[in-house]
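Keep in mind the model is a prediction, meaning the values are calculated, not measured.
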Amino acid sequence: MARKPTTDENSLDFETTLTQLESIVTRLESGELPLEQALKDFENGIKLAQLGQTRLQQAEQRIQILLSKSDKAELSDYQNNE
């Protein structure tokens, strides 16, 4: 049976959110959940994905604020050289 998060969603850090989301995806991909449980897990997964996105946006805002306080630091798009 699927476990429900025992902590308040607002207290979850990004890593915990991601771990729980990965667990839900694994359960859903297994195809072994009853329909009602799959729907509950899917709903919880959507909430976790939104929470993760919010956490990433907050981190980006913090970085931009920190960089704006320094004249020497320049914010630019990530360039993957692989």
Fill in the blank from the handout: Heavy atoms of R27 and S30 approach each other most closely as O-OG, 2.7 Å

Handout entry: Neighbour count above 12 (heavy atom, 6.0 Å) for E32 CD
Key = no

Completion exercise
E43 meets the side-chain contact (heavy atoms from CB on, under 4.5 Å) criterion, sequence neighbours left out, with K47

Problem - Side-chain hydrophobic cluster, 4.5 Å single linkage: members besides L56 - result: F14, L18

Problem - For L21, side-chain contact (heavy atoms from CB on, under 4.5 Å) partners two or more places apart - result: L48, A49

Exercise for the section: Give a yes or no on whether the backbone of T19 and the side-chain of S23 come within a donor-acceptor separation of less than 3.5 Å. Expected result: no

Problem - Any D41 side-chain heavy atom under 4.5 Å of Q37 side chain - result: yes

Completion exercise
d(K40 NZ, E36 CD) to nearest 0.5 Å is 5.5 Å

Handout entry: Nearest-0.5 Å distance, OG1 of residue T16 to CZ of residue R55
Key = 10.0 Å

Fill in the blank from the handout: So CD1 of I46 and CD1 of I24: to nearest 0.5 Å the spacing works out to 9.5 Å

Handout entry: Sub-4.5 Å side-chain heavy-atom contact between I63 and L67
Key = yes

Exercise for the section: State, with a plain yes or no, whether a side-chain heavy atom of L12 is found less than 4.5 Å away from one of Q20. Expected result: yes

